[in-house]
Amino acid sequence: MKPKLSSGDLTPIATRAITEVLAVQLKRVAEPVAPGDERLKEATGHHLHATVTLTGERIVGAVLFQVPVEFATKVAEQLLGSDAETDDSKDVTGELGNMISGLVKGELSSAGYHGTLGTPTVTLGSRISLHAPADSELCTTEWSCEGHLLSLQIQLSHPHPAA
Amino acid sequence: MIPKILTVDDSKTIRIILARLFRPFACELHEAGNGEEALAVAGREKPNLIILDYNMPVMDGVTMLRLLREDEDLKKTPVIMLTADSSSEIISTVARLGVRDYITKPFNQDQLLAKASRLIILERRREGKTE
């Protein structure tokens with residue numbers, strides 16, 4: 001019997017995924033923000049949310065990466081330079097979400113939880129949270145990167161009893 | 001003849017990053033947003049190298065690769081996979097389809113450039129076009 005994954009199992013996976021993507025692709029460092037941190041109450045304003053679904057025999061869920069629009073704009077300018085256009089921050093956020101989800105999927109696969117990734121869906125709005133049904137696990141990690149608050153959530157449920 | 005590179009990714013971000021990476025060098029760049037578009041561009045342009053994503057709408061990278069290998073004119077085109085998906089099943093599938101290199105996102109741009117350059121040089125040697 002393979003034990004069910006807990007949110008405690010997911011936190012180090014989320015941490016490795018976001019820190020690697022920021023370091024390798026953006027050459028940036030993010031510091032973890034504790035759940036009760038006062039800065040989280042001030043995290044208002046428009047955010048871009050990249051959501052990627054993960055579907056497998058033993059796990060079903062999603063990865064949500066959300067960033068303030070100002071951060072996404074800064075990153076788009078960094079990655080795309082003079083080729084950046086007004087709407088490119090959405091595509092950049094989607095691609096970062098895709099990279100993070102790929103790393104999460106890789107770690108889950110190594111642990112025996114295989115799945116297929118969807119293509120990223122990007123939306124704009126205030127900060128959101130993934131819906132977590134009672135029998136699912138929700139891991140939320142918050143990060144500070146150059147004064148911007150970033151959030152990464154992984155929500156997983158086990159559709160069938162683990163074999 | 002300068003080498004032609006076809007980049008295939010549904011993310012405009014990745015296509016622009018690759019265009020910016022290769023732009024300073026003497027090469028001709030072409031883009032496609034999915035496997036179906038890529039087959040059309042490849043048939044027309046006969047690229048010397050394809051940099052291919054896996055997870056794309058319309059037609060994914062593995063399906064495109066299978067069809068590429070069935071095309072008499074294009075079957076020997078070197079392909080580098082550049083994808084966020086690093087699962088062993090996909091790696092072994094594309095290896096059987098003759099993918100020359102597999103790079104996972106996030107990626108080091110210098111490393112990709114070095115691998116692409118090496119493959120283009122080898123391809124031109126194979127064709128007998130040394131410069």
Side-chain angles (χ1 to χ4, degrees), chain A residues 16-28 50 52-56 63 65 72 75-122, chain B residues 7-24 29-38 51-64 81-94 102-115:
Chain A
R16 284 191 287 273
I18 192 168
T19 52
E20 184 175 339
V21 169
L22 290 175
V24 176
Q25 210 66 55
L26 304 181
K27 314 285 183 227
R28 289 170 197 251
V52 180
T53 58
L54 180 61
T55 312
V63 176
F65 176 58
V75 168
E77 285 168 4
Q78 176 194 347
L79 291 177
L80 311 181
S82 56
D83 294 306
E85 293 174 0
T86 316
D87 208 29
D88 285 345
S89 52
K90 279 182 78 174
D91 194 81
V92 165
T93 305
E95 186 51 38
L96 294 177
N98 183 45
M99 290 179 186
I100 289 169
S101 305
L103 292 174
V104 169
K105 183 203 157 180
E107 289 219 27
L108 292 173
S109 291
S110 302
Y113 298 93
H114 302 283
T116 304
L117 291 175
T119 50
T121 303
V122 182
Chain B
T7 62
V8 190
D9 203 302
D10 57 326
S11 165
K12 183 183 170 192
T13 299
I14 295 297
R15 297 199 306 270
I16 294 178
I17 289 173
L18 296 179
R20 287 167 59 84
L21 183 64
F22 289 106
R23 199 176 286 157
L29 287 167
H30 297 273
E31 291 182 6
N34 60 61
E36 193 175 275
E37 276 181 29
I51 299 175
L52 179 63
D53 186 20
Y54 165 64
N55 194 9
M56 295 179 287
V58 185
M59 183 189 287
D60 66 37
V62 171
T63 307
M64 186 253 171
M81 291 297 290
L82 177 63
T83 172
D85 202 319
S86 60
S87 61
S88 53
E89 313 90 79
I90 294 169
I91 293 175
S92 57
T93 301
V94 299
Y102 196 101
I103 297 175
T104 52
K105 301 173 186 173
F107 64 102
N108 178 301
Q109 298 188 23
D110 292 336
Q111 189 186 45
L112 173 61
L113 192 59
K115 288 183 173 185

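Please read all numbers here as calculations on a predicted model, not as lab measurements. Sequence lines set the chain letters: A, B, ... in the order given, protein chains first and strands last, and positions in each chain run from 1.
One distance of note links CD of B:E89 with NE2 of A:H114; it measures 6.0 Å at 0.5 Å rounding. Between atom CG of residue B:D9 and atom CG of residue A:N98 there is a gap of 8.0 Å, rounded to the nearest 0.5 Å. Note that OG1 of A:T116 and CG of B:N55 are 8.5 Å apart. Values are rounded to the nearest 0.5 Å. Atom OG1 of B:T13 and atom CE of A:M99 lie 8.0 Å apart (nearest 0.5 Å). How far CD of A:E20 is from NZ of B:K105: 14.0 Å, rounded to the nearest 0.5 Å. Here CG of A:L117 is found 8.5 Å from OG1 of B:T83. Values are rounded to the nearest 0.5 Å.
For the pair A:K105 and B:I90, the tightest heavy-atom approach, listed with the atom from each and the gap, is NZ-CD1, 4.4 Å. Nearest approach of B:S86 to A:G106, heavy atoms of both residues: OG-CA, 4.2 Å.
For A:A23, the side chain to side chain contact (heavy atoms under 4.5 Å, CB included) test picks out no residue, with sequence neighbours left out.
Contact annotation for A:E107: neither backbone nor side-chain heavy atoms come within less than 4.5 Å of a heavy atom of chain B. For B:N108, the part lying near chain A is the backbone, with the side chain staying farther off; criterion is any non-hydrogen pair under 4.5 Å.
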- Message: Determine whether A:D91 and B:R15 satisfy the following criterion, side chain to side chain contact (heavy atoms under 4.5 Å, CB included), listing intermediate values before the conclusion.
- Response: CA-CA 11 Å; A:D91 194 81; B:R15 297 199 306 270; over 6 Å; no

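Heavy-atom neighbours of B:E37 CD from other residues, nucleotides or ligands within 6.0 Å: above the threshold of 12.
Residues B:P106 and A:L103 meet the side-chain proximity criterion, which asks for heavy atoms closer than 4.5 Å.
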